[in-house]
A.B. asks: 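One structure coming up, written as structure tokens, with questions to follow.
In what follows, chains are A, B, ... by sequence order, proteins preceding strands, each numbered from 1. These figures come from a predicted structure and were not determined experimentally.
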Number of protein chains: 2
Amino acid sequence: MAETATHIDIPCQRCKVRNRAICAALDDEQIVDLNAISEHITLERERTVFFESDPADYLYNIIDGNVRIHKSLADGRRQITGFLYSGDFLGLSVAGVYPYSAEVITTTTMCRFSRKGMTKIIERYPAFEHNLLQLASHELAAAQEHVLLLGRKTAAERLCSFILNTAEKQIGGISDQRAKLPMTRQDIADYLGLTIETVSRTFTRLKKTGTIRLPEPDTIEIANFQQLEDLALGEAAA
Amino acid sequence: MAETATHIDIPCQRCKVRNRAICAALDDEQIVDLNAISEHITLERERTVFFESDPADYLYNIIDGNVRIHKSLADGRRQITGFLYSGDFLGLSVAGVYPYSAEVITTTTMCRFSRKGMTKIIERYPAFEHNLLQLASHELAAAQEHVLLLGRKTAAERLCSFILNTAEKQIGGISDQRAKLPMTRQDIADYLGLTIETVSRTFTRLKKTGTIRLPEPDTIEIANFQQLEDLALGEAAA
DNA sequence: CGATTGCTTGACTGGGTTCAAGGCCAGTGG
DNA sequence: CCACTGGCCTTGAACCCAGTCAAGCAATCG
């Protein structure tokens, strides 16, 4: 077999998130170019990927692990705007800087692209930018859903929405009625605009009403999917 | 003078938002193509532009007027996710449908492009998609700022942030220390995740502390910019 | 095995909501 | 010209959901 470019070992081609990440926009030949500007990095738990208002020199794809992104007020109040899982993309910027901080929750391996290199890739393969737009639109819709949650849902509705979203994002989807919570109660509280105590109490109430089970603090089992969904959508019987 | 394409009357070329809207991505020659797929529409106050989950057949640019976008829960609770002003863009979709509803607040004239036509423009001028991505990133950052506001700010901080943002978006910017409020108190409440009564009471309190003036219910004057900004950023003296 | 960290639970508080009037103003019609 | 109406905003009083303050518990770690 001739030793053409596509037969040389290209790490990207056997990447475990190859088909779920933005790289899916490129075929095996095109991805050689992407491979050339990418590198893997691994960060330990609680390490910062970047800070809000840092120059946005890199884009990231999460290969394995979990990342949280947040914004803060001067006095320390924190609002987590998202939790990212393997396959997720990170690093959209505005005016050349990141609009939020990012930290890894568990030890996380990411694929990192330089923005400069990315610009060249985009010039060559417009499909890549098209994918980025799709992705940004999707994130925008998710952020607006988050706005609805924070602006108009009760504590129980917020937590149920969170459980559903988290389960959907896990490998295997929502089908196995089970979700791991890689983040702490404080993280959940800061995502849902609540306090740690309210999160804990609401978990307890959902257990008592038979909506969920919590075999361990970081493992949720959905006991009554219909009830959970009705609550999440604000359609529970008054 | 020869009658080349650029000298024929192209409405887009004399559009008042020509340089502030996404059309700015195209030069005078390229915009001829955009002109071919665009049309103006005018809607009276309180009319719906589109509903959440409608097929996203059109993209819009606001020429003159004001639009609000929102999401709702089954029982009628409403969360406004944004107010749009002239020059603003509207219509990013996910999976072919709009992720929110849009209504005009005041009589509004918009420029409308068909999505199909847009796809062709993008193929010809990749700069257009690049601009859409910039725009989506910008909206995403704004949505995350909104998430911070709803999740972690007090009523007074929310209202101050809103006043600042609104003033900045008005023609002339924040410099004249004055802003028109085209929306009702109910709209403001549904944007800030509060009730109409809390909005009203908070306006009164801000008046009493000399932060703002309200010569008319729909006209705000910034009396103490520093105080307003400190409050908006959550940096006010405890 | 004490110390630390993370989670839960209880008692009390308070900011914002709910419920209820009342005021203001533009539009309408007698 | 003024009474009436309805929409919108403001104000007051009572209430309640989530926050605050304070223990206590369970698992992990040095």
A.B. asks: So, is B:Ser200 near the phosphate of D:dT10, with a side-chain N or O under 4.0 Å from OP1 or OP2?
C.D. replies: yes
A.B. asks: Atom CG of A:Leu150 to atom P of D:dC17: distance rounded to whole Å?
C.D. replies: 19 Å
A.B. asks: Donor-acceptor pair under 3.5 Å: do we get one between B:Glu197's side chain and the base of C:dC19?
C.D. replies: yes
A.B. asks: Please report the distance, rounded to the nearest Å, between CZ in A:Arg205 and P in C:dT8.
C.D. replies: 13 Å
A.B. asks: Roughly, in whole Å, what's the span from CD in A:Glu46 to C1' in C:dT5?
C.D. replies: 12 Å
A.B. asks: Roughly, in whole Å, what's the span from CG in B:Asp218 to C1' in D:dT10?
C.D. replies: 16 Å
A.B. asks: Check this one for me: any side-chain N or O of A:Thr198 less than 4.0 Å away from OP1 or OP2 of D:dG19?
C.D. replies: yes
A.B. asks: To the nearest Å, give me how far apart CG (A:Leu214) and C1' (C:dT9) are.
C.D. replies: 15 Å
A.B. asks: Compare the minimum distances between each of D:dC9, D:dT11, D:dT20 and the side chain of B:Pro217, then state the nucleotide with the smallest one.
C.D. replies: D:dC9
A.B. asks: Look at the side chain of B:Arg185 and decide which nucleotide, out of C:dT8, D:dC9, D:dT20, has an atom nearest to it.
C.D. replies: D:dC9
A.B. asks: Do B:Thr219 side-chain atoms and B:Glu216 backbone N/O form a donor-acceptor pair below 3.5 Å?
C.D. replies: no
A.B. asks: Expressed as a whole number of angstroms, how long is the span from B:Arg158:CZ to C:dG15:C1'?
C.D. replies: 11 Å
A.B. asks: B:Leu194 CG to C:dT18 C1': how many Å, rounded?
C.D. replies: 14 Å
A.B. asks: Looking only at N and O atoms, is any donor in the side chain of A:Arg201 or the base of C:dG10 less than 3.5 Å from an acceptor on the other one?
C.D. replies: yes
A.B. asks: Drop me the distance from A:Lys153's NZ to A:Leu231's CG, to the nearest 0.5 angstrom.
C.D. replies: 10.0 Å
A.B. asks: Distance check, rounded to the nearest 0.5 Å: B:Leu148 atom CG versus A:Ser72 atom OG?
C.D. replies: 8.0 Å
A.B. asks: Say whether B:Asn66 and B:Thr106, considering side chains only, have a donor N or O and an acceptor N or O under 3.5 Å apart.
C.D. replies: yes
A.B. asks: Can you find a side chain N or O atom of B:Thr184 that sits less than 4.0 Å from OP1 or OP2 on D:dG7?
C.D. replies: no
A.B. asks: Quick one: does B:Arg185's side chain have a donor or acceptor within less than 3.5 Å of a partner on B:Pro217's backbone?
C.D. replies: yes
A.B. asks: Rounded to the Å, how far apart are B:Glu216 CD and C:dA26 C1'?
C.D. replies: 14 Å
